Amino acid sequence: MPVSNERLYMDYNASAPLGSLARQAMVAAMDLDANPSSVHDDGRKARAVVEKARSQIGKLFDSQAKQVVFTSGATEAANFALTPDWTMGRAPVRFSKLYVASSAHPCLLSGGRFTGDDIVQVPVTGDGMVDLPALERTVGDHDTESGLPLVAMPAACNETGVLQPLREIAALVRAHRGTLVVDAVQMAGRMAIGLSEPVGDYFIVSAHKLGGPRGIGALIALSDIMMPLPLVRGGGQEKGHRAGTENTVGIAGFGAAVEAALADLARDRWAAIATMRDRFETGLRALCPSVTIHGERVPRLPNTSFFSLPGIKAETAQIALDLDGIAVSAGSACSSGKVGPSHVLEAMGVEKADGALRVSLVPDADPADIDRILASLERLLKRSLNAHAA
Ligand code: PLP
């Protein structure tokens with residue numbers, strides 16, 4: 001296959017391309033000059049845009065969202081939620097320890113406002129699933145004298161795409177009087193969150209992972225009885241939960257992106273992407289039978305493939321694909337430029353000095369795109385074979 005000059009973007013988990021409805025909503029919101037907290041007519045028009053988006057985003061959670069608090073992204077939402085100090089009405093509520101999956105995104109792993117000693121990592125299995133018996137033991141041993149347990153779990157891992165058994169986790173956390181914060185960043189808008197049974201109490205979402213703009217996210221509470229103490233303090237915006245004039249343009253784009261994502265979900269757009277991912281992995285295994293596909297035996301996001309090619313460094317593969325016009329990641333891209341071992345692979349106990357490459361397909365990826373990635377990998381594998389033979 002000849003090398004194409006056209007760029008092929010397959011790094012959806014790092015950031016999704018901005019959707020057309022989100023772009024339109026943002027352009028329209030740029031004409032709103034007023035502060036959404038102003039009481040005059042212009043202010044009320046900006047407020048209406050913010051509130052429309054809030055209700056669009058609430059639909060990600062059926063009609064169960066009681067609070068949608070806008071933040072500057074998922075990282076801020078995590079720092080907001082992960083705090084020992086909460087309030088229930090006027091009464092203080094104290095969480096004395098944070099239990100977090102060792103494969104979680106750094107914004108959970110860093111523990112927000114908890115101090116080091118109060119952050120307990122919960123191991124994951126070699127497949128990347130939370131070790132439920134270990135979670136049961138750790139949260140079961142929690143001493144409620146000093147405060148309640150707060151548990152933070154990813155719904156889906158940004159690197160492997162592995163989905164966590166949220167129903168089981170939520171039941172276990174409830175049984176131990178805990179509260180569950182779910183990082184739904186990689187799942188929201190791609191899979192139904194499925195709230196017919198409890199799967200968490202608070203959810204973190206980010207616009208740029210579902211076709212909205214970067215720099216806007218939210219913490220969603222299914223109960224408005226108990227809330228974390230604000231992280232950003234000042235004015236009384238967001239019902240006192242997050243100070244600062246709302247980012248009207250970002251919020252408008254976020255709301256429209258969620259609406260578009262939910263429409264795509266309703267017409268099963270992501271089911272087709274699983275077929276493309278499977279086509280990719282079948283082709284990959286034919287090219288390199290000794291490839292390791294991380295998390296392949298357990299439920300994963302339909303667009304994600306995270307794999308290690310023996311003898312080829314993930315960064316080398318990433319550069320080779322980039323030179324062929326294909327954007328993928330070597331692990332996650334959240335701390336740009338950082339080249340280091342993937343903490344997710346380490347958490348899974350995978351000893352792969354060469355790291356892993358993540359192909360995260362965009363929803364409209366087609367067979368020709370898959371064949372182009374495979375052709376690029378085939379050239380790389382041949383070069384590597386020749387280099388070893390020389
Ligand atoms: N959580 C997960 C699972 C992510 O993949 C990311 C970004 O990669 C984040 C949180 C952080 O999101 P944001 O960029 O909105 O801070």
Side-chain angles (χ1 to χ4, degrees), residues 9-18 22 57 60 68-82 98 100-112 124 128-130 151-164 166 169 180-191 193 199-200 202-220 231-232 242 247 250-251 253-254 257-258 261 294-295 300-301 303-306 327-338 340 342-345 347-348 356 358-362:
Y9 185 78
M10 291 297 164
D11 202 11
Y12 195 90
N13 291 10
S15 209
L18 187 67
I57 291 154
L60 281 170
V68 175
V69 180
F70 289 115
T71 60
S72 64
T75 300
E76 186 194 317
N79 279 272
F80 173 33
L82 305 186
L98 172 70
V100 54
S102 55
S103 62
H105 187 272
C107 73
L108 296 190
L109 272 181
S110 58
V124 296
M129 304 278 280
V130 169
V151 179
M153 289 287 154
C157 175
N158 46 311
E159 294 193 13
T160 56
V162 167
L163 303 170
Q164 295 303 340
L166 290 180
I169 294 172
L180 178 58
V181 177
V182 175
D183 175 351
V185 164
Q186 295 286 346
M187 184 190 238
R190 298 188 218 174
M191 302 185 70
I193 293 177
V199 291
Y202 298 81
F203 295 83
I204 292 165
V205 290
S206 179
H208 75 105
K209 307 288 182 166
L210 48 75
R214 283 156 285 280
I216 185 82
L219 180 70
I220 286 123
L231 170 71
V232 181
R242 201 273 190 181
N247 168 1
I251 290 172
F254 189 6
V258 166
H294 304 289
R300 281 180 293 159
L301 288 174
N303 73 323
T304 307
S305 187
F306 191 49
V328 299
S329 274
S332 69
C334 284
S335 35
S336 53
K338 193 183 91 179
S342 149
H343 78 279
V344 174
L345 286 186
M348 290 163 70
R358 180 185 69 192
V359 172
S360 51
L361 302 175
V362 297

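Atoms within a ligand are numbered from 1 in the order they appear, just like the ligands themselves. The shown structure was predicted, so the numbers you read here are calculated from the model rather than taken from an experiment. When reading the values below, keep in mind they use all heavy atoms of this one structure, side chains included, and skip hydrogens, waters and symmetry mates.
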| Just by distance, with hydrogens left out, do Ser329 and Asn13 show a side-chain donor and acceptor under 3.5 Å apart? |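 No, because no side-chain N or O of Ser329 sits under 3.5 Å from a partner of the opposite role on Asn13.
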| Derivation of the side-chain contact (heavy atoms from CB on, under 4.5 Å) call for Val185 and Asn158 | CA-CA 8 Å; Val185 164; Asn158 46 311; over 6 Å; no
State the atoms of ligand 1, each with its element, that fall below the 4.0 Å cut-off from a heavy-atom position in [X].
| X | result |
| --- | --- |
| His208 | 13 (P), 14 (O), 15 (O) |
| Gly73 | 15 (O) |
| Asn158 | 3 (C), 5 (O) |
| Gln186 | 3 (C), 4 (C), 5 (O) |
| Ser206 | 13 (P), 15 (O) |

| Would one find an N or O of Cys107, backbone or side chain, under 3.5 Å from an N or O of ligand 1? |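 Between Cys107 and ligand 1 (N or O atoms, distance only) the closest approach is not under 3.5 Å.
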| request: Check whether any N or O atom of Asn13, backbone or side chain, sits under 3.5 Å from an N or O atom of ligand 1, and answer yes or no. | output: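 Asn13 vs ligand 1: no N/O contact under 3.5 Å.
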Can you tell which part of [X] has a heavy atom less than 4.0 Å from ligand 1: side chain, backbone, both or neither?
| X | result |
| --- | --- |
| Thr75 | both |
| Arg214 | neither |
| Lys209 | side chain |

Donor-acceptor contact present, side-chain [X] to main-chain [Y], <3.5 Å:
| X | Y | answer |
| --- | --- | --- |
| Gln164 | Gly128 | yes |
| His294 | Gly161 | no |
| Asp183 | Pro154 | no |
| Ser342 | Leu345 | yes |
| Tyr9 | Asp11 | yes |

